[in-house]
Amino acid sequence: RHPLATFFHLFFRVSAIVTYLFCDWFSNSFVACFVTILLLLSFDFWSVKNVTGRLLVGLRWWNQIDEDGKSHWVFEAKRVPTIAASTEAEARIFWLGLIICPVIWTMFFFSTLFSLKLKWLALVIAGISLQTANLYGYIHCKLGGQKAISRATSRLFGTTDIPKRQSRSISEDGTEEHGKTGTR
């Protein structure tokens, strides 16, 4: 249903990884490689957070700062009664791309660290940070925020004393919002 969104979900991620691997072959300029990869990672972060997550799996997340300066994380999941085969394939592509790429950047981190190419370390850490932030946000959307996680851990450990700091609301368009409040 969304071939363009599926393409761009993978395009920026894969392009950043391929550019990181082969940038030295095409350019001797560290700065040009660094900026190119960082731009690809930024485009990926923005497109996944604002477009492909919403279209491919019906999830989105964002952070709000209220008047008091408190940070509020909002997780939203669209209620879909049935999933068509095409959207199921798109959802698989979305989650595989979301999970595999941070693992690849983590492998890059260790290879950069052990090969002592420390000038690339900042870029690899940026890649891990941006990819993991999206993964974290979408896992919270999928699991229903901290409330579902608290319920699962309380069932696992047999405790019910976990504090509930989760708000939940249904908006007019049929989406379910989960907001976790907290300060930074």
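All figures in this text were calculated on a predicted structure; none of them were measured in a lab.
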Next item on the list: Evaluate the side chain to side chain contact (heavy atoms under 4.5 Å, CB included) criterion for residues L59 and E76: first the C-alpha distance (whole Å), next the side-chain angles of each, then the deciding distance (0.1 Å), finally the verdict.
Entry: CA-CA 6 Å; L59 303 172; E76 185 178 83; over 6 Å; no

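- A chain of hydrophobic side-chain contacts below 4.5 Å, direct or via other Ile, Leu, Val, Met, Phe, Trp or Tyr residues, connects F110 to I37.
- You'll find the side chain of N50 stays beyond 4.5 Å of the side chain of W62, heavy atoms only.
- With sequence neighbours left out, I100 forms a side chain to side chain contact (heavy atoms under 4.5 Å, CB included) with L96, I104.
- Two residues are said to be in side-chain contact when any heavy atoms from C-beta on lie closer than 4.5 Å; Q131 and R13 meet this criterion.
- A distance of 3.5 Å separates OG of S71 from CG of N63, quoted to the nearest 0.5 Å.
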Notebook entry, point to check: ring-ring contact (aromatic ring centres under 6.0 Å, His included) between F75 and Y138: does it pass, once the steps are laid out?
Noted result: CA-CA 8 Å; F75 304 99; Y138 283 113; 9.5 Å; no

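- Contact annotation: the side chain of I65 never approaches that of K70 to less than 4.5 Å [non-hydrogen atoms, C-beta and beyond].
- Remark: T19 OG1 to L38 CG distance equals 12.0 Å, nearest 0.5 Å.
- Using a 4.5 Å cut-off between side-chain heavy atoms of Ile, Leu, Val, Met, Phe, Trp and Tyr, with links allowed through other members, V35 and L40 fall into the same hydrophobic cluster.
- A search for ring-ring contact (aromatic ring centres under 6.0 Å, His included) contacts involving F30 returns F34, W120, not counting sequence neighbours.
- In this structure, W46 has its ring center at least 6.0 angstrom away from the ring center of F43.
- Here the side chains of F94 and T6 are not in contact, with every heavy-atom distance at 4.5 Å or above.
- In the model, D66 has a side-chain atom that pairs as donor or acceptor with a side-chain atom of H72 under 3.5 Å.
- Here the OG atom belonging to S27 is positioned 15.5 Å from the CZ atom belonging to F22, to the nearest 0.5 angstrom.
- Under the 4.5 Å side-chain contact rule for hydrophobic residues, L55 and V48 do not share a cluster.
- Residues R60 and K49 fail the side-chain proximity criterion, which asks for heavy atoms closer than 4.5 Å.
- Taking NE2 of H2 as the reference point, atom CG of L56 lies at 6.5 Å (rounded to 0.5 Å).
- By the 4.5 Å heavy-atom criterion applied to side chains, Q64 and V74 are counted as neighbours.
- Y20 and T112 share a donor-acceptor pair across their side chains, judged by distance under 3.5 Å alone.
- L116 and M107 fall into different hydrophobic clusters, where Ile, Leu, Val, Met, Phe, Trp and Tyr side chains are chained together by heavy-atom contacts under 4.5 Å.
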Checklist line | Worked verdict on W105 versus T132 for side chain to side chain contact (heavy atoms under 4.5 Å, CB included) | finding: CA-CA 10 Å; W105 282 104; T132 306; over 6 Å; no

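- To the nearest 0.5 Å, the span separating CH2 on W61 from CH2 on W73 amounts to 5.0 Å.
- Considering only heavy atoms from C-beta on, L135 comes within 4.5 Å of I99 through its side chain.
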Next item on the list: Kindly determine whether L21 and V18 satisfy side chain to side chain contact (heavy atoms under 4.5 Å, CB included), including the steps that lead there.
Entry: CA-CA 5 Å; L21 288 172; V18 169; 5.6 Å; no

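- Rounding to the nearest 0.5 Å places CG of L130 at 12.5 Å from SG of C101.
- Hydrophobic clustering of Ile, Leu, Val, Met, Phe, Trp and Tyr side chains at less than 4.5 Å, counting indirect connections, keeps V51 apart from F11.
- Annotation: side chain of I128 is not in contact with side chain of P102 (no heavy-atom distance under 4.5 Å).
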